[in-house]
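This report refers to the structure that appears directly beneath it.
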Amino acid sequence: MMMIMGREGGGHVVPVDPGTVVGGLKKKGAGARSWLLMDASGLETVLDVDKYEIMHRVQIHARDLRIIDPLLSYPSAILGRERAIVLNLEHIKAIITSEEVLLRDPSDDNVTPVVEELKRRLKPMNANREDQREEKDSNVQHDIEATDEDESPFEFRALEVALEAICSYLAARTLELETAVYPALDMLTSKISSRNLDRVRKLKSQMTRLTARVQKVRDELEQLLDDDDDMADLYLSRKLAGASPVSGSGAASWFLASPTIGSKISRASRASIATVRGDENDVEELEMLLEAYFMQIDGTFNKLTTLREYIDNTEDYINIQLDNHRNQLIQLSLCSWAFVNACCS
């Protein structure tokens with residue numbers, strides 16, 4: 001039985017295991033979910049398959065698939081497996097291989113911009129070069145940078161799109177919160193009222209939740225940067241190349257001739273046979289990529305920390321004001337009591 005058509009062109013037909021279908025209906029518990037598959041050319045295909053087919057396709061375990069299950073609450077994670085990268089960053093839940101990207105819940109409004117950016121970044125090399133020729137007269141430097149971008153491994157380009165999307169998303173949420181918090185705090189200091197206090201309380205709760213989300217992403221990137229072995233696990237193209245039964249000078253010709261691998265590894269990797277011969281500790285390219293987005297998410301975290309300090313300082317100021325009013329009331333009460341006693345005596 002066949003089902004699901006691609007979004008573009010004539011579409012792709014994806015076979016479905018007959019064992020999961022009874023009388024034209026899927027068995028209950030088959031766990032079929034919607035996935036968006038995007039290949040190295042940027043072509044989209046919607047898959048409606050169960051978890052067993054996904055596990056078989058990318059060769060990961062069920063525990064890895066649970067990490068990106070939207071029905072379960074797992075912290076942010078970037079996990080390198082033998083043939084895939086399992087990615088759980090807020091709403092971005094994906095599996096990246098050396099040749100394709102699988103995205104969960106492609107109809108999610110927050111995932112749509114990621115899909116569009118993946119299509120733009122994963123355009124075929126020859127298409128990118130055509131675009132570069134058209135813009136050559138106006139911006140030569142941009143052409144050079146775009147060419148360099150094309151030379152990155154497929155998995156790194158896909159990973160960069162996800163990291164850029166989540167960092168930008170969290171930065172935007174932080175900006176929205178800052179825009180609401182600072183005026184609310186100023187209003188509270190000028191007039192202490194139940195309404196203003198309740199407004200600040202709600203904003204503080206939002207800030208606490210957002211800070212926790214940002215810190216999870218930040219901690220995951222920091223942990224990854226601190227472990228070279230974990231970073232080496234993300235070099236899918238290199239691992240796939242190293243697993244090929246080639247050695248010596250034959251490795252160089254295979255690297256350049258392979259239609260599926262040669263175009264998906266960096267120029268530096270293709271230029272050095274050390275990559276194929278087992279120099280698996282060289283993670284400088286990925287480290288630079290992760291470092292850039294770690295700095296960005298760390299900046300967002302620092303903004304939230306500053307915002308929390310501002311809220312705490314405002315709370316201290318309000319408490320001082322309230323204590324002052326309380327002392328004045330006590331003093332007034334004591335004066336009244338003394339005056340009454342004097343009159344009675």
Side-chain angles (χ1 to χ4, degrees), residues 67-68 70-78 87-93 105 108-114 117 160-226 289-334:
I67 292 174
I68 57 176
L71 300 180
L72 302 176
S73 179
Y74 277 89
S76 296
I78 303 174
L87 199 66
N88 178 29
L89 297 173
E90 293 279 321
H91 52 271
I92 303 176
K93 302 179 186 296
D105 299 328
D108 189 322
D109 291 339
N110 292 323
V111 177
T112 302
V114 181
E117 185 64 14
E160 183 175 9
V161 169
L163 290 174
E164 182 179 341
I166 196 60
C167 288
S168 299
Y169 175 82
L170 293 174
R173 301 292 81 75
T174 300
L175 180 60
E176 290 175 0
L177 190 60
E178 285 180 320
T179 305
V181 166
Y182 287 116
L185 292 175
D186 293 340
M187 187 176 298
L188 179 60
T189 54
S190 63
K191 182 182 179 181
I192 302 174
S193 66
S194 299
R195 180 178 180 182
N196 289 339
L197 285 169
D198 187 59
R199 183 183 177 192
V200 171
R201 179 187 61 81
K202 291 178 180 178
L203 290 172
K204 185 178 180 180
S205 298
Q206 293 178 24
M207 184 206 62
T208 301
R209 290 192 296 269
L210 181 58
T211 301
R213 293 162 58 191
V214 170
Q215 187 167 9
K216 287 178 182 177
V217 177
R218 177 186 177 278
D219 289 349
E220 180 63 23
L221 290 178
E222 185 177 28
Q223 183 178 353
L224 198 56
L225 283 166
D226 289 341
L289 172 66
L290 296 177
E291 183 71 28
Y293 290 101
F294 173 77
M295 295 298 292
Q296 185 174 342
I297 198 69
D298 188 55
T300 301
F301 181 75
N302 289 337
K303 286 183 178 180
L304 289 168
T305 301
T306 302
L307 189 60
R308 171 175 286 278
E309 292 175 354
Y310 193 86
I311 291 177
D312 290 342
N313 291 338
T314 302
E315 288 180 344
D316 291 340
Y317 174 78
I318 296 300
N319 288 331
I320 291 172
Q321 291 283 82
L322 292 175
D323 287 342
N324 184 47
H325 291 319
R326 188 179 300 111
N327 290 335
Q328 290 177 357
L329 290 173
I330 292 173
Q331 186 177 5
L332 181 60
S333 178
L334 289 174

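Worth knowing before you read on, the calculation uses all heavy atoms, side chains too, and leaves out hydrogens, waters and symmetry mates. Note that the structure is a prediction, hence the values are computed from the model and not measured. One is the number of the first residue; the rest follow in order along the sequence.
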What distance separates Q296 CD from E291 CD, expressed to the nearest 0.5 Å?
12.5 Å
As a quick check of understanding, evaluate side chain to side chain contact (heavy atoms under 4.5 Å, CB included) for L87 and I68, giving each step before the final call.
CA-CA 7 Å; L87 199 66; I68 57 176; 5.8 Å; no
Kindly determine whether K202 and D198 satisfy side chain to side chain contact (heavy atoms under 4.5 Å, CB included), including the steps that lead there.
CA-CA 6 Å; K202 291 178 180 178; D198 187 59; 3.2 Å; yes
Apply side chain to side chain contact (heavy atoms under 4.5 Å, CB included) to V181 and E178, showing your working.
CA-CA 5 Å; V181 166; E178 285 180 320; 5.9 Å; no
Of D312, I311, T306, the residue whose pairing with R308 passes side chain to side chain contact (heavy atoms under 4.5 Å, CB included)
D312
For residues 160-194, which residue pairs pass the ring-ring contact (aromatic ring centres under 6.0 Å, His included) check, not counting sequence neighbours?
H91-Y169, Y182-Y310
Listed by chain and number, what are the salt bridge (Lys or Arg N to Asp or Glu O under 4.0 Å) partners of R195, not counting sequence neighbours?
none
Could you work out, with salt bridge (Lys or Arg N to Asp or Glu O under 4.0 Å) as the rule, every residue matching E117, not counting sequence neighbours?
R120, R121
CG of L210 to CD of Q215, rounded to nearest 0.5 Å, is 11.5 Å
Taking A165's backbone N and O only, do any of them form a donor-acceptor pair with S168's side chain (distance below 3.5 Å, no angle check)?
no
How many angstroms lie between NZ in K204 and CG in L177, if you round to the nearest 0.5 Å?
12.5 Å
Modelled atom types, side-chain donor and acceptor of S193 and N196, under 3.5 Å:
yes
To the nearest 0.5 Å, atom CG of L188 lies from atom CD1 of I318 at 4.0 Å
Looking at E309, is its backbone amide N or carbonyl O close enough to the side chain of N313 to form a donor-acceptor pair, meaning the two atoms are under 3.5 Å apart?
yes
For T300 versus A171, what's the shortest heavy-atom pair and its separation?
OG1-CB, 3.8 Å
Any sub-3.5 Å donor-acceptor pair from N88's side-chain atoms to P75's backbone N or O?
yes
For L163 against L221, the heavy-atom pair lying closest together
CD2-CD2, 3.9 Å
Passing candidate, side chain to side chain contact (heavy atoms under 4.5 Å, CB included) with V161, options V114, I166, I92
V114
Can E90 and K216 be counted as an ion pair, charged N to O under 4.0 angstrom?
no
Please step through side chain to side chain contact (heavy atoms under 4.5 Å, CB included) for the pair M207 and L307, ending with a clear verdict.
CA-CA 8 Å; M207 184 206 62; L307 189 60; 4.1 Å; yes
Side chains of Q223 and D219: does their closest heavy-atom pair fall under 4.5 Å?
no
On a heavy-atom basis, the closest approach of I67 and A77 is CG2-CB, 4.2 Å
S76 and R213: side chain donor to acceptor below 3.5 Å
no
Does any non-hydrogen side-chain atom of F301 lie less than 4.5 Å from one of T305?
yes
Say whether, by atom type as modelled, one donor and one acceptor occur between the side chain of D298 and the main chain of F294 under 3.5 angstrom.
no
May I ask you to decide if I78's main-chain N or O and E220's side chain share a donor-acceptor pair within less than 3.5 Å?
yes
Just how far is it from atom CD of Q206 to atom CZ of R201, taken to the nearest 0.5 Å?
10.5 Å
